[in-house]
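Single-structure report; data block below.
Proteins come first, then strands; the chains are lettered A, B, ... in the order of their sequence lines, and each starts at number 1.
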Amino acid sequence: MSSLASLLSARIEAVAGIDPELRSATRPQFGHYQSNVALRLANSEGKPPREIAAQLVAKFEISDLTEPPEIAGPGFINFRLRTDVLTQAVTDELADPHVGVSQTSNPQVVVIDYSSPNVAKQMHVGHLRATVIGDCLRRVLSMLGHKVIAQSHIGDWGTQFGMLVEQILDEGIDASTLTLPEAEALYARASAHFGTDQDFAVRARRRVVALQAGDEETRNIWRELINVSLAGFNEAYARLGVLLTNDDLAGESMYNDDLPEVVAELERSGITVVDDGALCVFVEGFAAPMIVRKSDGGFGYSATDLAAIRHRVRNLHANRIIYVVDARQSDHFDLVFAVARKAAFLPDDVITEHVAFGTVLGTDGKPFKTREGTAVTLNTLLDAAEEQAAPPVALAAIKYADLSNGLNKDYVFDVGRMVQTTGNTGPYLQYAHARVTQVLRKATARGYGEQLKVLVLEEPAEQMLALLLTRFGDVVEDVGSTLQPHRLCNYLYELSGALAIFYEQCPVLQSSGAVRDSRLALCLATKRVLASGLTMLGIEPLERM
RNA sequence: GCACCCGUGGCUCAACGGAUAGAGCAUCUGACUACGGAUCAGAAGGUUGGGAGUUCGAAUCUCCCCGGGUGCGCCA
């Protein structure tokens with residue numbers, strides 16, 4: 001099922017010859033949709049815009065969709081959908097299992113790299129964003145009919161494991177009994193130990209070699225560290241209500257065996273240079289080279305990232321690879337993508353995108369830290385929100401605050417604001433859903449027909465609600481292509497506002513006949529869209545609050 | 001030094017080159033025997049950091065400044 005807007009757009013384009021850039025009307029008096037197509041054509045044809053508009057309008061074959069279009073202002077063409085078209089569209093949406101979200105005609109394999117915590121460290125505020133945003137994109141793209149493969153690129157490999165393992169042996173700890181916070185404390189001790197004890201540092205470095213060589217004792221302890229970490233991550237994921245499971249794990253260690261071959265392929269492609277003893281790839285436009293192999297012979301994390309791309313293209317057959325990672329890594333990923341292209345790990349028809357998100361700030365406007373200056377853990381954050389609201393509401397508050405702002409900007413973590421039930425917040429949307437659910441619940445008690453249809457749309461509030469409902473599919477599609485969840489948030493907020501006005505002006509239970517049935521249908525359609533939209537944000541649509 | 005991101009009412013944020021820059025919070029004024037008032041109606045509040053340019057049209061694009069943040073070859 002294709003949306004009314006896309007249908008109308010196609011009809012206009014058939015006459016105008018160019019994309020009409022149909023937009024939602026910016027004001028009620030401009031109808032439902034507006035197009036600037038005549039203004040743009042006037043530019044190339046050298047005729048007055050309104051004249052062009054008049055010629056176009058005469059040729060449009062859209063009378064089955066809209067009222068006669070109006071030409072306004074400098075040459076805008078305004079469209080108002082016919083009421084019977086709107087009623088039918090909402091009725092169709094009610095019967096649609098996908099709630100008006102069209103299944104893509106071009107299903108892709110989309111790899112989303114997100115969450116990616118580090119072994120032996122608790123997740124903190126940064127991981128909150130990576131996890132919540134990635135999870136939302138995963139849900140949205142799945143809903144659109146793409147095959148989504150989540151990849152959590154956990155930090156389970158590298159030099160830090162040398163000192164971790166050595167510290168465990170020094171202290172005589174059974175690694176399998178550790179909790180994640182205990183493992184993190186161990187990390188801190190190991191790190192300090194490494195800095196102050198030369199002998200320990202030497203042993204730690206030797207231990208890294210043993211790990212890479214596959215020494216059994218070392219590997220066993222390493223595995224225990226991963227296991228206790230995964231237990232901690234999964235606990236956090238369960239609390240967050242995200243989709244991630246162990247099936248989504250694709251840690252750095254997974255690519256370890258590929259690295260020599262990756263580097264060999266790079267060298268064969270002739271793009272590598274040895275500089276200061278390190279194997280580098282220089283790319284035009286980048287100040288610094290990518291260091292693929294360090295002068296000591298070890299592989300850098302860039303090599304792992306290249307191996308990951310190679311794997312995702314060759315084995316997972318990705319058409320699109322999305323990285324949900326902190327904005328501070330933008331330069332790094334630009335370079336990785338560029339090198340991957342040069343090395344032909346990344347064919348031209350495979351898209352890579354870095355969804356770069358900003359930093360979470362405290363109410364003082366500075367990066368969110370504890371008094372001691374350490375990163376705030378995810379659990380601390382959730383605890384703080386749950387002090388002010390019931391868990392599902394607190395979670396909605398946090399996720400929505402994260403998703404409703406533009407991703408590339410920093411945002412202030414202000415619990416007091418985000419748990420408010422008024423304004424553009426998660427709890428407000430949950431409230432709207434609970435309220436409309438309550439009406440339907442009461443109506444059910446009194447009985448209403450199975451086959452709800454929208455037949456009457458006389459009140460402006462009803463029409464506005466119906467119009468917004470028909471846009472849901474377009475909004476989801478837009479988020480799927482732009483990867484900007486805040487647009488879905490804004491839409492749902494607007495819908496909730498329209499529902500509140502409708503609710504105020506159009507009594508449902510006290511009305512009768514076709515009006516009552518229509519209003520119930522509008523309520524049900526709104527409930528379904530809110531539920532679907534909230535679910536895509538990873539927020540639970542509550543039946544009661 | 002170079003690069004990238006950000007700068008929009010008191011505060012937090014929208015606006016895919018388009019019409020009179022929109023919301024919410026806070027403030028003020030109204031509407032309550034209320035399908036959940038956790039609401040609705042209304043008011044006030046802006047030379048979109050500054051300047052120049054591009055065009056029919058700029059918060060948006062280009063250039064130069066100012067302010068804030070981040071990143072810049074062997075940590076990941």
What does A:Asp414 touch in the nucleic acid at a heavy-atom separation under 4.0 angstrom: a base, only the sugar-phosphate, or nothing? nothing
Under the side chain to side chain donor-acceptor pair (under 3.5 Å) test, which residues partner A:Glu504, sequence neighbours left out? none
Have a look at A:Ala72 and say if it touches a base, only the backbone sugar-phosphate, or nothing, with a 4.0 Å heavy-atom cut-off. base
Quote, to the nearest angstrom, the C1' distance that separates B:C66 from B:U48. 16 Å
Please give the distance between the P atoms of B:G45 and B:G57 as a whole number of Å. 29 Å
Looking at B:C35, I'd like to know if its phosphate oxygens (OP1 or OP2) sit under 4.0 Å from a side-chain N or O belonging to A:Arg516. no
Nearest whole angstrom, please: distance from the C1' of B:G36 to the CG of A:Leu499. 12 Å
State yes or no: are the ring centers of A:Phe76 and A:Phe30 separated by less than 6.0 Å? no
Per-nucleotide protein contact string for nucleotides 68-76 of chain B, where B marks a base within reach and S marks sugar-phosphate only (heavy atoms under 4.0 Å, - for neither): --SS-BB-B
Rounded to whole angstroms, how far apart are CG on A:Asn36 and C1' on B:G18? 6 Å
Output field: ring centroids A:Tyr255/A:His311 closer than 6.0 Å: yes
Measure the distance from NZ on A:Lys409 to C1' on B:A14 and round it to the nearest whole Å. 9 Å
Expected label for B:G73 (glycosidic angle, syn inside 90° of 0, else anti) would be syn
Run the salt bridge (charged side-chain N to carboxylate O under 4.0 Å, His left out) test against A:Asp19 and tell me which residues pass, sequence neighbours left out. none
Contacts under 3.5 angstrom, residues 460-467 of chain A side chains, donor-acceptor by atom type, not counting sequence neighbours:
{"unit_1": "A:Glu462", "atom_1": "OE1", "unit_2": "A:Glu458", "atom_2": "N", "d": "2.9"}
{"unit_1": "A:Glu462", "atom_1": "OE1", "unit_2": "A:Glu459", "atom_2": "N", "d": "2.9"}
{"unit_1": "A:Glu462", "atom_1": "OE2", "unit_2": "A:Arg519", "atom_2": "NE", "d": "2.7"}
{"unit_1": "A:Glu462", "atom_1": "OE2", "unit_2": "A:Arg519", "atom_2": "NH2", "d": "3.4"}
{"unit_1": "A:Gln463", "atom_1": "NE2", "unit_2": "A:Leu457", "atom_2": "O", "d": "2.9"}

Rounded to whole Å, OH of A:Tyr503 lies from C1' of B:A41 at a distance of 18 Å
Testing A:Lys527, A:Gln438, A:His433 one by one against A:Glu543 for a side chain to side chain donor-acceptor pair (under 3.5 Å), which residue passes? A:Lys527
Within 45° of the ring axis of A:Tyr33 and under 6.0 Å from its six-membered ring centre, is that where the NZ or CZ of A:Arg471 lies? yes
Where do N or O atoms of nucleotides 24-33 of chain B meet protein N or O atoms at under 3.5 Å, pair by pair?
{"unit_1": "B:G24", "atom_1": "O4'", "unit_2": "A:Tyr493", "atom_2": "OH", "d": "3.4"}

When the aromatic ring centroids of A:Phe413 and A:Phe368 are compared, is their separation below 6.0 Å? yes
Between A:Asn78 (CG) and B:A19 (C1'), how many Å, whole number? 9 Å
Regarding B:A23, can its base be found pairing with the side chain of A:Glu494 as donor and acceptor, where the two atoms are less than 3.5 Å apart? no
Got a list of side-chain donor-acceptor pairs under 3.5 Å for residues 122-130 of chain A, not counting sequence neighbours?
{"unit_1": "A:Gln122", "atom_1": "NE2", "unit_2": "A:Glu184", "atom_2": "OE1", "d": "2.8"}
{"unit_1": "A:His124", "atom_1": "ND1", "unit_2": "A:Gly126", "atom_2": "N", "d": "3.1"}
{"unit_1": "A:His127", "atom_1": "ND1", "unit_2": "A:His124", "atom_2": "N", "d": "3.2"}
{"unit_1": "A:Arg129", "atom_1": "NE", "unit_2": "A:Asp402", "atom_2": "OD1", "d": "2.6"}
{"unit_1": "A:Arg129", "atom_1": "NH1", "unit_2": "A:Gly358", "atom_2": "O", "d": "3.1"}
{"unit_1": "A:Arg129", "atom_1": "NH1", "unit_2": "A:Lys409", "atom_2": "O", "d": "3.4"}
{"unit_1": "A:Arg129", "atom_1": "NH2", "unit_2": "A:Asp402", "atom_2": "O", "d": "3.1"}
{"unit_1": "A:Arg129", "atom_1": "NH2", "unit_2": "A:Asp402", "atom_2": "OD1", "d": "3.2"}

Would you please name every residue forming a side chain to side chain donor-acceptor pair (under 3.5 Å) with A:Tyr503, sequence neighbours left out? none
Any idea which heavy atoms bring A:Pro74 and A:Leu39 closest together, and the distance? O-CD2, 3.7 Å
Could you measure between the two P atoms, the one in B:A52 and the one in B:A58, and give it in whole Å? 13 Å
What is the nucleic acid contact for A:Ile501, judged by heavy atoms within less than 4.0 Å: base, sugar-phosphate only, or nothing? sugar-phosphate
Are the ring of A:Phe76 and the base ring of B:A19 both nearer than 5.5 Å at their centres and tilted by less than 30°? yes
Hey, does A:Met545 reach any base, or is it just sugar-phosphate, or nothing, if we go heavy atoms under 4.0 Å? base
Does A:Tyr428 put a side-chain nitrogen or oxygen below 4.0 Å from OP1 or OP2 of B:A38? no
Positions of residues 475-492 of chain A (non-hydrogen atom under 4.0 Å from RNA chain B), listed by number: A:His486, A:Arg487, A:Asn490
How would you label the contact of A:Ala434 with the nucleic acid (heavy atoms, under 4.0 Å): base, sugar-phosphate, or nothing? base
How close or far is atom P of B:C5 from atom NE2 of A:His354, stated in whole angstroms? 13 Å
Between A:Ser3 and A:Ser6, do the side chains contain an N or O donor and an N or O acceptor separated by less than 3.5 Å? yes
Sequence-distant partners of A:Tyr301, side chain to side chain donor-acceptor pair (under 3.5 Å), two or more places apart: A:His332
Check each residue of residues 24-33 of chain A for a non-hydrogen atom within less than 4.0 Å of any atom in RNA chain B, then write out the ones that pass by number, or none. A:Thr26, A:Arg27, A:Gln29, A:Phe30
Within 6.0 Å of CD in A:Glu70, more than 12 heavy atoms from elsewhere: no
In this structure, is the centre-to-centre distance between the rings of A:His193 and A:Phe200 below 6.0 Å? yes
Nearest whole Å is fine: how far is B:C13 P from A:Phe413 CZ? 14 Å
Starting at CD of A:Gln438 and ending at P of B:A34, how long is that distance when rounded to a whole Å? 16 Å
Pi-cation contact, A:Tyr187 with A:Lys121 (under 6.0 Å, within 45°): yes
Could you run through RNA chain B and flag its stems, i.e. three or more consecutive Watson-Crick or G-U pairs with both distances under 3.5 Å? B:1-7 with B:66-72, B:10-13 with B:22-25, B:27-31 with B:39-43, B:49-53 with B:61-65
Name all residues meeting the side chain to side chain donor-acceptor pair (under 3.5 Å) criterion together with A:Ser253; count only those two or more places apart in sequence or in a different chain, and write none if there are none. A:Asp156
